[in-house]
Amino acid sequence: MFRWAIIFAVVALVAALLGFGGIAGLSADFAKILLVVAVVLVIVGFVFGRGGSRTLP
């Protein structure tokens, strides 16, 4: 997920440099959304981790 956010950010930068404002804005928005989703998933993964080593004796 982080990889896709970085790819969209790079596409946004290249599009902005070439003068394609609409594509740059859209790519930047996708990058922001993917970054937020990825961070939320990482936090949820840390909070609700597997916890597999707790067994009753």
statement: Residue set satisfying side chain to side chain contact (heavy atoms under 4.5 Å, CB included) with Ile23, at least two apart, ordered chain then number -> Ala15, Phe20, Ser27
task: Please check if Phe46 and Phe2 belong to a single hydrophobic cluster, counting links between Ile, Leu, Val, Met, Phe, Trp and Tyr side chain heavy atoms closer than 4.5 Å.
output: yes
field: Test side chain to side chain contact (heavy atoms under 4.5 Å, CB included) applied to Ala5 - qualifying residues, sequence neighbours left out
entry: Leu34, Leu35
message: The criterion is side chain to side chain contact (heavy atoms under 4.5 Å, CB included); which residues satisfy it with Val44, sequence neighbours excluded?
response: Val40, Phe48
- request: Decide whether Leu18 and Leu26 are clustered together by the hydrophobic rule: side chain heavy atoms of Ile, Leu, Val, Met, Phe, Trp, Tyr closer than 4.5 Å, transitively.
  value: no
message: When you group the ILVMFWY residues by side-chain heavy-atom contacts below 4.5 Å and let the links chain together, are Trp4 and Phe30 in the same group?
response: yes
- request: Heavy atoms only: give me the nearest Ala28-Ala12 pair and the separation to one decimal.
  value: N-CB, 3.7 Å
- prompt: Is there a chain of hydrophobic side chains (I, L, V, M, F, W, Y, each step under 4.5 Å between heavy atoms) that links Val39 to Val42?
  reply: yes
- request: Only counting residues at least two apart or in another chain, list the ones meeting side chain to side chain contact (heavy atoms under 4.5 Å, CB included) with Leu41.
  value: Met1, Val37
